[in-house]
Amino acid sequence: MSVQPETETGAQSTVAGETPEEGVYSFASMEAKWPQVWEDLKVFTPVDDGSRERRYVLDMFPYPSGDLHMGHAEAFAMGDVVARYLRQKGFDVLHPIGWDSFGLPAENAAIKRNAHPSEWTYANIDTQAASFKRYAISADWSRRLHTSDPEYYRWTQWLFKRFYERGLAYRKDSPVNWCPKDLTVLANEQVVNGACERCGTPVTKKSLNQWYFKITEYADRLLDDMSELQGHWPERVLAMQRNWIGRSEGAHVRFAIEATDGRAERGVTVFTTRPDTLYGATFFVVAADAHLALDLVTPEHHDALMAYREKVKALSDIERQSTEREKTGVFTGRYAINPLNGEKLPVWAADYVLADYGTGAIMAVPAHDQRDLDFARAFNLPVRPVLNTGGEDPVETGIATAGEGTLMNSGELDGLSKAEAIPAAIDILEKLGTGEKFVNFRLRDWLLSRQRFWGTPIPIIHCAECGEVPVPDDQLPVTLPENLRGEALSPRGTSPLAAALEWVNVECPNCGRAAERDTDTMDTFVDSSWYFLRFVSPHYTEGPFDPAKINAWMPVGQYVGGVEHAILHLLYARFFTKVIHDMGLLEADEPFSALLNQGQVLNGGKAMSKSLGNGVDLGEQLDKFGVDAVRLTMVFASPPEDDVDWADVSPSGSAKFLARAWRLGKDVASEPGVDVSTGDRTLRTVTHRTIADAAELLDNNKFNVVVAKLMELVNATRKTIDAGAGGADPAVREAAEAVAIILSLFAPYTAEDLWNQLGHPASVANAGWPSHDASLLVQDTVTAVVQVQGKVRDRLEVSPDISEDALRELALASENVQRALDGRGIRTVIVRAPKLVNIVPA
RNA sequence: GCCCCAGUAGCCCAAUCGGCAGAGGCAGCGGACUUAAAAUCCGCUCAGUCCGGGUUCGAGUCCCGGCUGGGGCACCA
């Protein structure tokens, strides 16, 4: 068959190896023919010698979960358009491919099959690699990397050590998110609505000694440097990162806690964004589950607190986080002293105050904070408004007034507006020495320890004498033991590595005594936080990357991937880049100058999923319509960032267009290099207009519109051929060559075949972007629209350089205009030569 | 509750600065070619831009207020 998928006979396109009928579009024979040619020519390997300006285009590397799916097909189609376009424009393009190949699914598969995780992993990688080659991704395969290769994770460990030396990797005991099903620790980012992101099991807390990266030290820079990304990253990604970092300006205020009932006096600091409302504080709350609550509580109230803590612990995070839940809490028996007015405030312990945000304690201002008001009403605590907002009294309504207003009942702050009172209050606190301006962040340090096997081992040895001892650089990598497989990998709450005794037991590199390796592995997000640096010199053996190359390529000019990585991966990669920059190893301090989030591929309005049974198999689509038709459909369906609903689009329509474009080649009757200046002027204008428009559209990622323009050019060329000028007209060749080059970004097989038909050697990928002749775009006449009161009343063919006065004369002389004016006078005439005149009647 | 994004023909989508609402495709209808069909080629129909205000000579585009859909954060002090 040619392109019609419904017909099962005439199967030239679906059966590779069968000789296609002469002159019939056969994607199967193209797919069989060209990959070897491209590989032999090394078309997609950058010259990397500085002779041409460099550009780095990167797709988020895949996890080898199985074969490629529709989502990969979309994402990589988009990235490939960018890479191929920049190559045509003459840049030396780095467009590498690799695999994020550590991770839990491989481990689970290994347990099930009594195998080693590497077997499953590398088999899947081979499958995906073959599919990528079929899909004609213009990648430099010589730079292929896998994060689970010791040559790679050696440098992940090396970087961990550098972080450690800078105090950016540290261990601490802390309550961690624990998934009772996967038996592993989860980062905050991996807890979704109180449940494990992976398996949905409600997450519990467990106290463990864990490794952290001190990402909070970079919170300010991660936030501030987003201004560089503004306009180049999707706004929603920046918004999500801003939300996640959660910068909050306010003050730290120190309250003295009275000595009572066997407990000594001490101070407790709170964080507040509303120091202006200090006079309205009527009680004080500490997080019930924080150690602070135990420190404060008097013996008399101790039992009640313990009972309350038990109740809180029994609640799941989901229940606890419900905002509808009634306020609960217990009195601690203690009083805090308001530093401004000396008032005694009862100290309560409650679970609506979070132990791990701010200082785990708050001053409660019920009149102006809804949560505090709810609590006050539940426990009959006083409410004192200190801000006149003009709204109804919160004491009456039960609705806290959080808006603007004027201070009252607040001593020296009285009469100030909220905006004035905040700095004034901070000023007073600073003078008293009981507080200061403070910026708080929601962001927590990055917990990187995982009690899992298939990950990068943490290169630390624990020695009874010397403590934590990093494995010396020349002993890296610390490789995973090969003899653990199957059941031995199943989760037990400690890392499976702990069972490999001959691996665990080592000599201390420091003192030589018996010591043990750290048995945790790193979160796989560590691996993917620097892979873009490794791609620059993936075979370099003296460091994570070649210093002579790194600044030539970094930063990545265009990064392409799904919005699901808007927070985790992108934030971590930015953090790593900044640290490596601070180490003096990298000039860039942002990794990705521009980011494109391609949409999802849906089917019938919903994400494809096994449970819905609406999955579309990529392999089947490729068999049925061909690689080019699938790629073209992905790109043409909608703007790259929008979702594509496979039920709404037509790969058979794409295939029809490709065949139509390809057939142009058969009609071209002139020789390569023919003088095009005598060609059909109308077609030449369309060709050059298309070349110019396409470049601008591509610069703005409007790939779908480029395809539409290309369709127009194909239609115009067809028309020229059929309307008499014929295939011998040099303009037809010029148009067909432009079609081949532009098409090469979207449909590499068809474009290469067309290019070949037109008598050119491979590869069209290196043909170079055609230059457009601006003189052909100058129009002899343009249509000027004449409006009366904003409504179109006439159209005039005028010279493009007509003067405003001349155009005004012409417009006023128009019969249609005079009829529309109907005798009314003219108030004003707006002239935008040469395109528009608007006449406003009196 | 806070924040971000998007609503244009039956459907997917175009529309530099505010300047003729329509480029392209899908679906539909009609025609040419054919004994017929497929393929191919040609042509046609279809909305006034989610709603309400405002600014303007002029608004899909800018401003204000809503509605609907999608997404993020969330007892975050």
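Throughout, protein chains are lettered first and strands after them, A, B, ... in sequence-line order, and every chain is numbered starting at 1.
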- [ ] Have a look at A/Pro639 and say if it touches a base, only the backbone sugar-phosphate, or nothing, with a 4.0 Å heavy-atom cut-off.
- [x] sugar-phosphate

Task: Candidates B/G72, B/A77, B/C75 - which lies nearest the side chain of A/Asp351 - done: B/C75

Open item on the list: Between P on B/C75 and CZ on A/Arg442, what's the gap in Å once rounded to a whole number?
Closed with: 9 Å

Task: Under 4.0 angstrom between A/Arg663 side-chain N/O and B/A39 OP1 or OP2 - done: no

- [ ] Look at all strands and tell whether A/Ser654 reaches a base, only sugar-phosphate, or nothing, counting heavy atoms closer than 4.0 Å.
- [x] nothing

Open item on the list: Distance check, C1' atoms only: B/G24 and B/U35, in whole angstrom units.
Closed with: 37 Å

TODO: State whether a side-chain donor-acceptor pair under 3.5 Å links A/Ser248 with A/Asn440.
DONE: no

- [ ] Verify the distance criterion only: is there a donor paired with an acceptor across the side chains of A/Asn700 and A/Glu696 at less than 3.5 Å?
- [x] no

Task: Nucleotide nearest A/Ile362 when distance is taken to its side chain, options B/G72, B/A77, B/G19 - done: B/A77

TODO: Could you give the distance separating B/C42 and B/C33 at their C1' atoms, to the nearest angstrom?
DONE: 11 Å

- [ ] Determine the Euclidean distance between corresponding P atoms of B/G65 and B/C5; express it in Å to zero decimal places.
- [x] 15 Å

Task: Sidechain N-carboxylate O distance under 4.0 Å for A/Lys311, A/Asp351 - done: no

Open item on the list: Does this structure show an ion pair linking A/Asp667 with A/Arg718, if we count only N-O contacts that are shorter than 4.0 Å?
Closed with: yes

TODO: Classify the side chain of A/Gln787 and the base of B/G19 as holding, or not holding, a donor-acceptor pair under 3.5 Å.
DONE: yes

- [ ] Tell me whether the OP1 or OP2 atom of B/A6 has a side-chain N or O from A/Arg236 closer than 4.0 Å.
- [x] no

TODO: Identify the nucleotide, in any strand shown, that forms a Watson-Crick or G-U wobble pair with B/C17, with both distances under 3.5 Å; if there is none, say none.
DONE: none

Task: Distance-only polar pair, side chains of A/Thr633 and A/Ser654, donor-acceptor under 3.5 Å - done: yes

Open item on the list: From CG of A/Leu664 over to P of B/U40, roughly how many Å is that when rounded to an integer?
Closed with: 13 Å

- [ ] Specify the separation, in whole Å, of atom CD1 of A/Ile399 and atom P of B/G1.
- [x] 12 Å

Open item on the list: Does B/C51 count as syn, meaning its glycosidic angle lies within 90° of 0, or as anti?
Closed with: anti

Open item on the list: Measuring only the C1' atom in each nucleotide, how far is B/G25 from B/A59? A whole number of Å is fine.
Closed with: 28 Å

TODO: When you get a sec, tell me which of B/A77, B/C13, B/C5 is the closest nucleotide to the side chain of A/Glu235?
DONE: B/C5

TODO: Could you tell me whether B/G72 is syn or anti, where syn means a glycosidic angle within 90 degrees of zero?
DONE: anti

Open item on the list: If we count only N and O atoms by modelled type, under 3.5 Å, do the side chains of A/Thr389 and A/Glu404 hold a donor and an acceptor together?
Closed with: no

Task: Short side-chain N/O contact to B/A77 OP1/OP2 from A/Tyr352, under 4.0 Å - done: no

Open item on the list: From C-beta outward on A/Met711, which listed nucleotide comes closest to its side chain: B/G24, B/G71, B/C73?
Closed with: B/G24

Open item on the list: Checking side-chain polar atoms at under 3.5 Å, does A/Glu235 have a donor or acceptor matched by the opposite partner on A/Gln230?
Closed with: yes

TODO: Taking only the side-chain heavy atoms of A/Asp369 (C-beta and beyond), determine which of B/C57, B/A77, B/G25 contains the nearest atom.
DONE: B/A77

TODO: Write down the distance separating the P atoms in B/C50 and B/C13, rounded off to the nearest Å.
DONE: 14 Å

Task: Closest listed nucleotide, where the reference is the side chain of A/Arg718 and the choices are B/C42, B/U16, B/C3 - done: B/C42

Open item on the list: Need the pair for B/C73. Rule: Watson-Crick or G-U wobble, both distances under 3.5 Å, any strand; none if unpaired.
Closed with: B/G1

Open item on the list: Using atom P in both nucleotides, what's the gap between B/C3 and B/U8 to the nearest angstrom?
Closed with: 25 Å

Open item on the list: Taking B/G60 as the reference, what is the distance to B/C41 when you measure between their P atoms (whole Å, please)?
Closed with: 36 Å

TODO: Quick one: look up who B/A6 pairs with, Watson-Crick or G-U, both distances under 3.5 Å, and put none if it's unpaired.
DONE: B/U68

TODO: Mind calculating the distance between CG (A/Asp648) and P (B/C26) to the nearest angstrom?
DONE: 14 Å

Open item on the list: So, does A/Asn715 get its side chain near the phosphate of B/G25, meaning an N or O under 4.0 Å from OP1 or OP2?
Closed with: yes

Open item on the list: Taking the minimum atom-to-atom distance to the side chain of A/Asn838, which one of B/G24, B/C5, B/C57 wins?
Closed with: B/C57

- [ ] Look at the side chain of A/Arg832 and decide which nucleotide, out of B/C57, B/C26, B/A74, has an atom nearest to it.
- [x] B/C57

TODO: Remember a base hit wins even if backbone is also touched, and classify A/Val792 as base, sugar-phosphate or nothing at under 4.0 Å, heavy atoms.
DONE: sugar-phosphate

- [ ] Round to the nearest Å and state the distance from A/Asp693 atom CG to B/G24 atom P.
- [x] 14 Å

Task: Rounded distance (Å) that lies between atom C1' of B/A14 and atom CZ of A/Arg689 - done: 16 Å

TODO: Give A/Glu641 one of three labels, base, sugar-phosphate or nothing, depending on what nucleic acid heavy atoms sit under 4.0 Å from its own.
DONE: nothing

Open item on the list: Should the side chain of A/Lys719 and the base of B/C42 be counted as holding a donor-acceptor pair, with the cut-off at 3.5 Å?
Closed with: no

Open item on the list: If you count heavy atoms of other groups shown closer than 6.0 angstrom to CD of A/Gln818, is the number above 12?
Closed with: yes

Open item on the list: So, does A/Lys702 get its side chain near the phosphate of B/C13, meaning an N or O under 4.0 Å from OP1 or OP2?
Closed with: no

- [ ] Can you tell me the distance, in whole Å, between the CE atom of A/Met634 and the P atom of B/C13?
- [x] 14 Å

Open item on the list: Using the side-chain heavy atoms of A/Ala708, tell me which of these nucleotides is nearest: B/C5, B/A77, B/G24.
Closed with: B/G24

Open item on the list: So if I take every side-chain heavy atom of A/Val705 and compare against B/A14, B/C26, B/A77, which nucleotide ends up nearest?
Closed with: B/A14

Task: OP1 or OP2 of B/C42 under 4.0 Å from side-chain N/O of A/Arg660 - done: yes

Task: C1' gap between B/C4 and B/U56, integer Å - done: 30 Å

- [ ] Answer with yes or no whether the side chains of A/Thr750 and A/Tyr25 bring together a donor and an acceptor at under 3.5 Å.
- [x] yes

Open item on the list: Tell me the interatomic distance from A/Asp722, atom CG, to B/C41, atom C1', rounded to whole angstroms.
Closed with: 7 Å

Task: Nucleotide opposite B/U34 in a Watson-Crick or G-U pair, distances under 3.5 Å - done: none

Open item on the list: Which nucleotide, if any, forms a Watson-Crick or G-U wobble pair with B/G43, using both distances under 3.5 Å?
Closed with: B/C29

